[in-house]
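Please read the structure below before turning to the comments.
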Amino acid sequence: MNTPLDKVIVIMGASSGIGEATARLLASRGAKLMLAARRIERLEAIRKAYPEANIQIKQADVTEFDQVEAVVQEAKAVYGRIDVLFNNAGIMPTAPLAAGHREDWKNMLDINVMGVLNGIAATLPIMEQQQAGHIIATDSVAGHVVYPESAVYCGTKFAVRAIMEGLRQEQRENNVKSTIISPGAVQTELYTTIRDQATGESLRQAQQEWGLTSEDVAQAVLYAIDTPDRVSISNLIIRPTQQQV
């Protein structure tokens with residue numbers, strides 16, 4: 001039988017995919033959760049599925065610092081501390097640079113990069129005061145390699161990798177741990193953020209055929225969380241066995 005996970009965990013981007021799978025797994029392990037996302041009805045469905053779990057929910061857009069800070073402050077008010085922040089929200093509207101999709105580029109920067117920074121800015125003062133904590137971000141294999149038609153997406157994920165390593169170096173003496181989870185292809189809704197429908201459908205089919213499940217990645221998040229304070233898992237790269245890149 002699994003030992004109950006006595007941690008207070010905030011998940012940003014908890015309404016679907018990796019965030020939802022992680023929320024469900026952690027709820028089953030007895031963690032105290034604050035779940036946040038734009039789609040509040042999906043968060044309600046998670047809470048209803050685990051009536052015995054200690055789950056708070058709040059609607060929030062990670063691009064809005066005030067909303068992220070409100071989530072963090074409410075979690076602190078309800079539970080008295082914050083042990084883990086999981087910055088999971090992200091989009092992937094890939095396209096060639098020549099397509100000039102500047103609005104998509106800005107949205108990726110706002111969500112994939114500023115969303116992570118907003119979570120860090122809202123949570124770090126609490127963790128510094130506690131002299132303990134753990135900040136996790138969903139990165140990607142695309143944060144380690146670059147491939148055609150994904151230059152901006154890869155750039156956002158490289159940025160997250162740099163930010164999280166800087167966080168590790170700056171906060172190690174405060175016992176604040178930093179982890180990036182870097183999956184390859186995963187069966188999530190990310191393909192729906194791609195503007196070209198044929199490209200999105202091709203990605204969806206590949207994900208369904210040989211990609212990881214969100215539950216696979218959730219297990220990796222749990223592994224990183226459920227380590228002793230002396231152990232810091234800085235980076236977990238998780239690829240489907242058949243993935244080439």
Side-chain angles (χ1 to χ4, degrees), residues 11-21 36-39 42 59-65 67-68 86-121 136-166 180-214 216-217 235-245:
I11 304 178
M12 306 300 301
S15 61
S16 65
I18 293 167
E20 178 185 1
R38 288 178 295 182
R39 295 173 291 187
R42 293 200 175 192
Q59 188 172 38
D61 182 336
V62 298
T63 67
E64 300 292 336
F65 176 72
Q67 294 183 28
V68 175
F86 181 23
N87 280 315
N88 174 68
I91 59 171
M92 189 181 67
T94 56
L97 288 168
H101 292 167
R102 296 180 67 253
E103 183 177 352
D104 288 345
W105 300 346
K106 184 179 185 303
N107 287 337
M108 274 192 280
L109 289 166
D110 286 345
I111 295 172
N112 296 1
V113 181
M114 284 308 303
V116 169
L117 287 169
N118 286 339
I120 291 171
I136 302 172
T138 300
D139 202 67
S140 173
V141 168
H144 302 262
V145 297
V146 179
Y147 45 89
E149 303 189 2
S150 296
V152 179
Y153 177 69
C154 292
T156 66
K157 293 303 184 179
F158 268 76
V160 169
R161 182 156 67 98
I163 290 163
M164 294 296 285
E165 171 58 15
I180 57 171
I181 307 293
S182 298
V186 186
Q187 299 170 25
T188 70
E189 297 177 7
L190 267 183
Y191 75 91
T192 65
T193 66
I194 297 175
R195 189 182 302 200
D196 182 81
Q197 290 186 353
T199 301
E201 178 58 22
S202 176
L203 177 61
R204 186 194 69 80
Q205 290 178 4
Q207 290 172 344
Q208 292 298 318
E209 183 179 347
W210 48 261
L212 301 168
T213 68
S214 296
D216 294 330
V217 184
N235 180 23
L236 278 171
I237 300 179
I238 312 157
R239 288 181 173 91
T241 302
Q242 295 185 29
Q243 180 165 326
Q244 181 178 7
V245 177

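Heavy atoms only: backbone and side chains are in, while hydrogens, waters and symmetry mates are out. Sequential numbering from 1 along the given sequence is applied to the chain's residues. Please read all numbers here as calculations on a predicted model, not as lab measurements.
Distance check: Thr63 OG1 to Met114 CE gives 9.5 Å after rounding to the nearest 0.5 Å. The structure places CD of Glu103 at 11.5 Å from CE of Met108, a figure rounded to the nearest 0.5 Å. In this structure, Asn118 CG and Asp110 CG are separated by 9.0 Å, a value rounded to the nearest 0.5 Å. Trp105 CH2 to Leu97 CG: the interatomic distance, rounded to the nearest 0.5 Å, is 5.5 Å. Taking CG from Asn107 and OG1 from Thr156, the interatomic distance works out to 11.5 Å, rounded to the nearest 0.5 Å. In this structure, CD1 in Ile111 is found 4.0 Å from CD1 in Ile91, a value given to the nearest 0.5 Å.
Within the 4.5 Å cutoff, the side chain of Met164 has heavy atoms near those of the Ile120 side chain. Counting heavy atoms from C-beta on, the side chains of His144 and Ile237 come closer than 4.5 Å. Between Tyr147 and Thr94, every side-chain heavy-atom pair lies at or beyond the 4.5 Å cut-off.
In terms of the salt bridge (Lys or Arg N to Asp or Glu O under 4.0 Å) criterion, Asp61 has no residue partners (sequence neighbours excluded).
Among pairs with a residue in residues 11-21, those fulfilling salt bridge (charged side-chain N to carboxylate O under 4.0 Å, His left out) read Glu20-Arg24, at least two apart in sequence or across chains. Here side chain to side chain donor-acceptor pair (under 3.5 Å) pairs that include residues 236-245, with residues two or more places apart or in two chains, number zero.
Taking every heavy atom of both residues into account, Ser15 and Arg42 meet most closely at O-CD, 3.3 Å. Taking all atoms of both residues into account, the shortest heavy-atom contact from Cys154 to Val145 is SG-O, 3.6 Å. The two residues Ala121 and Phe65 have their closest heavy-atom pair at CB-CE1, 3.7 Å. When all heavy atoms of Asn87 and Gly115 are compared, the closest pair comes out as OD1-O, 3.9 Å. Scanning both residues, Val245 and Val141, for their nearest heavy atoms gives O-CG1, 3.9 Å. The minimum heavy-atom distance between Leu212 and Gly184, with the atom names listed, is CD1-N, 4.3 Å.
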Would you check, one step at a time, whether the test side-chain contact (heavy atoms from CB on, under 4.5 Å) holds for Arg39 with Ser16?
CA-CA 9 Å; Arg39 295 173 291 187; Ser16 65; 3.0 Å; yes
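Side-chain contact, Ser182 with Arg161: no donor N or O sits under 3.5 Å from an acceptor N or O.
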